[in-house]
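For reference, the structure discussed in these notes is given below.
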Amino acid sequence: MSASSATDNSSPLLDSRIPPGALSDKWQRHQNTLRLVSPANRRRFEIIVVGSGLAGASAAAALAEMGYRVRCITFHDSPRRAHSVSAQGGINAAKDYGNDSDSIERLFQDTIKGGDFRAREANVYRLAEVANSIIDHCVAQGVPFNRDYGGLLDVRSFGGAQVARTFYTRGQTGQQLLLGAYQALMRQVDRGQVTLHPRTEMLDLVLHDGQARGVVCRDLLSGQINSYSGHAVVLASGGYANVYYLTTNAKACNSTALWRAHRRGAFMANPCFTQIHPTCIPPASEQQGKLTLMSESLRNDGRVWVPQAAGDKRPPNEIPESERDYFLERKYPAFGNLAPRDISSRAAKEVVDEGRGVGPSGVGVYLDLADSIARLGKRAIAERYGNLFEMYQMITGDDPWQVPMRIYPAPHYTMGGLWVDYNLMSTIPGLFVIGEANFSDHGANRLGASALMQGLADGYFILPSTLTDYLAGHLGEQPPATDHPAFQQTQRDVAERLDRLHNINGSRSADSFHRQLGKLMWEGCGMAREATQLRELQENIGALRQEFYKDLAVPGSASGVNQELEKAARVEDFFELAELMVRDALEREESCGGHFRVEHQSSGGEALRDDSRFAHVTAWEYRGAEQPAAQHHEQLSFEHASLQERSYK
């Protein structure tokens, strides 16, 4: 049964507000029907943006440029430190500069297929449609995209596509795009349109009359708890992959903004949809705190292989070509080393589980650029990836110009997030969620070079229209002042929570609990999930959480700088989130994208979807600390994309 003909079990609480009409016309037609706020009235509205990465900085800059008053809250000392700087490989757009017969339609089809048909058609098409404008906008900002010999913008290939559509700046695309957004943001700070609050962490959401009207934050330098009031709140706080502890994410990335909004009534969608990235430097120590990503763009010129024989410990340059297994090229000849991330990750795990892993730990595979260096020359490869080669050598001590890089999959991105409608508004009126913080565009797996695309599409081009439509209905209203009982009660809730964690007076650090939780999650709800394992994981998380409340140690004072108190609050949220992720993984009795249930796979070991039962978004409603979350569904309809077996062979 196709998803479009499956029984519609959508919850009445989940109105996606997808506009009618042809897919290619939806966004333009919808924009023409959205309500407007005149330029003279925009200064009457104040908007709170939480997060200063690509999504947050672009949204704050765009809204301020329109004339709205904006507060931008970031726990960094500068917006330039947001995790978006870590994105290396590029940003997709279907401009077809390479004459590959690319188009918006092909980008849409690749993205919907890449997500294993678990994303909304309308959102994905809009993303593909807006992408071209992003490139033009960023070029106008001065983002130094790589160019070809003739001076035109250069592109390269990425996983899950048979065309070259990824625009890039060597191996530091995220950093350069963020600098463009940062400059736009700081221009508005200088004009007085944006008030920037650095070193400030959102710890709760304030509701008034059922609508989002502010946030409660902690000043990370003074320890003071402050409230900020606004007509709307925009969450652009990133994903929650650090629930696994050892990930490619920056150490400070966390789920608190999302989770606290969830506890106030924002539904959490598809939390089990997490992405394991195939090209990370393998861990070198049990005490390691984070992992480093080697850009997927390297697979454009690199070949992934392991020895054919198990237990072969010879140095890679001593293993002849005839004794190597280029397993991605063997299994997926049409896409080869550019197979999508979820498929490539599972293929790497498979050969390592067979005993053919490489490196001191045996947990790794080779990413070898020797053929491309010989064919194109060292200078050409250095122009594309030079900083990545330098970074790899500094971290591992190995020279990737002489020996292949060693890589292995690791947690990287989260496709799940807060549920939003087509206008990017959550189930709480006035609370908008953009970028990786929402669930909307990637389904069960994200194709490479589309995270930057979504963050900038949401911030620069989508939110300014849809948020304006919401604000138009509240002209003349004033949000409650921060001395209103709603703010005062939320501040008390935050203070009591921090005091409770600070006063446990146990013997274990928050980091020790986080590391143990992350290991449990990686082993039980990582690259592969199985029902018995997931049920055991539920029990183990519950037991560890109880120990956390009995034996947590938070040294120092509850006021002033106290990073251990910050960590404790974030780890508490990770415990609750982990429990929901595991329940979501248990309920979804199919394999799709990055959610691989070992009970549901084809004879060839590929993910086996169940479109008749699970072609839906699962959105979870918080019911209280001691109550199980309520489950709601948004049925997905596929009228333009044909549901098909997801094959890259």
is_close_aromatic(F273, H442), centroid dist under 6.0 Å: no
Pairs meeting criterion salt bridge (charged side-chain N to carboxylate O under 4.0 Å, His left out) with involvement of residues 520-533, two or more places apart: none
Lys/Arg N to Asp/Glu carboxylate O, D204 vs R492, below 4.0 Å: no
Test item: side-chain donor near acceptor, N562 and E566, under 3.5 Å: no
Heavy-atom side-chain proximity of H231 to I47 below 4.5 angstrom: no
Steps toward ring-ring contact (aromatic ring centres under 6.0 Å, His included) verdict (H632, F267): CA-CA 9 Å; H632 303 274; F267 289 9; 4.8 Å; yes
F439 and W419 aromatic ring geometry - parallel, tilted or perpendicular at 30°/60° bounds: parallel
D511 and S509: side chain donor to acceptor below 3.5 Å: no
Atom of V433, atom of S426 and distance for their closest heavy-atom approach: CG2-CB, 4.1 Å
Salt-bridge criterion met for R597 and E589 (N-O under 4.0 Å): no
Test item: side-chain donor near acceptor, Y228 and R71, under 3.5 Å: no
Ionic contact status for E201 with R218, cut-off 4.0 Å: no
Contact list for residues 543-555, test salt bridge (charged side-chain N to carboxylate O under 4.0 Å, His left out), sequence neighbours left out: R508-E547, R545-E576, R545-E579
Salt-bridge contact D219-R199 (side-chain N to carboxylate O under 4.0 Å): no
CA sep, side-chain torsions, deciding dist, call: T482, H484, side chain to side chain donor-acceptor pair (under 3.5 Å): CA-CA 5 Å; T482 55; H484 187 278; over 6 Å; no
Y413 and T248 side chains, donor-acceptor separation under 3.5 Å: no
CZ (R81) with more than 12 external heavy atoms under 6.0 Å: no
Minimum heavy-atom distance L246-P283, with the two atoms named: CD2-CB, 4.0 Å
E572/R570 salt bridge by N-O under 4.0 Å criterion: no
With H595, the side chain to side chain contact (heavy atoms under 4.5 Å, CB included) member among M415, R118, R588: R588
Pairwise distance OG1(T490) to CG(L207) - rounded to 0.5 angstrom: 7.5 Å
Flag side-chain contact, heavy atom, 4.5 Å: L293 against C280: yes
Neighbour count >12 (heavy atoms, 6.0 Å) for atom NZ, K519: no
Spatial distance of atom CZ (R120) from atom CG (D441) [nearest 0.5 Å]: 9.0 Å
No-hydrogen, no-angle side-chain donor-acceptor test under 3.5 Å, N438 and Q454: yes
Between T173 and Q88: side-chain donor-acceptor atoms closer than 3.5 Å: no
Stepwise side chain to side chain donor-acceptor pair (under 3.5 Å) check, S52 with Y182: CA-CA 8 Å; S52 65; Y182 168 73; over 6 Å; no
Donor on one side chain, acceptor on other, N226 and Q224, under 3.5 Å: yes
S227 versus Q491, side-chain donor and acceptor atoms under 3.5 Å: yes
Smallest separation among heavy atoms of A181 and L54, with atom names: CB-CD2, 4.4 Å
Validation row, ring centre F574 to ring centre H514 under 6.0 Å: yes
Any donor-acceptor pair under 3.5 Å from Y240 side chain to P271 backbone: yes
L577 side, atom CG; M521 side, atom CE - distance, nearest 0.5 Å: 7.0 Å
All ring-ring contact (aromatic ring centres under 6.0 Å, His included) counterparts of F614, not counting sequence neighbours: H616
Which atom of A212 lies closest to which atom of L205, heavy atoms considered: CB-CD1, 4.2 Å
Flag if over 12 foreign heavy atoms under 6.0 Å of CD, Q563: no
R80 CZ: over 12 foreign heavy atoms closer than 6.0 Å: no
Residue pair T256 / D573, side-chain donor-acceptor N/O under 3.5 Å: yes
Residues, nucleotides or ligands: over 12 heavy atoms within 6.0 Å of E536 CD: no
D342 and Q275: side chain donor to acceptor below 3.5 Å: no
Nearest-0.5 Å distance, CG of residue D77 to OG1 of residue T200: 11.5 Å
Pairing of E539 and R535 as salt bridge, 4.0 angstrom limit: no
Ring center gap for H208 and F487 short of 6.0 angstrom: no
Ring geometry between F548 and F513 (parallel below 30°, tilted from 30 to 60°, perpendicular above 60°): perpendicular
OG-CG distance between S237 and N254, expressed to the nearest 0.5 angstrom: 7.5 Å
Heavy-atom closest pair, residues A232 and L467: CB-CD1, 3.8 Å
Residue pair R583 / A629: nearest heavy atoms and the distance that separates them: NH1-O, 2.6 Å
H633 side chain to S11 side chain, donor-acceptor N/O pair below 3.5 angstrom: no
From CD1 (I225) to SG (C217), nearest 0.5 Å: 10.0 Å
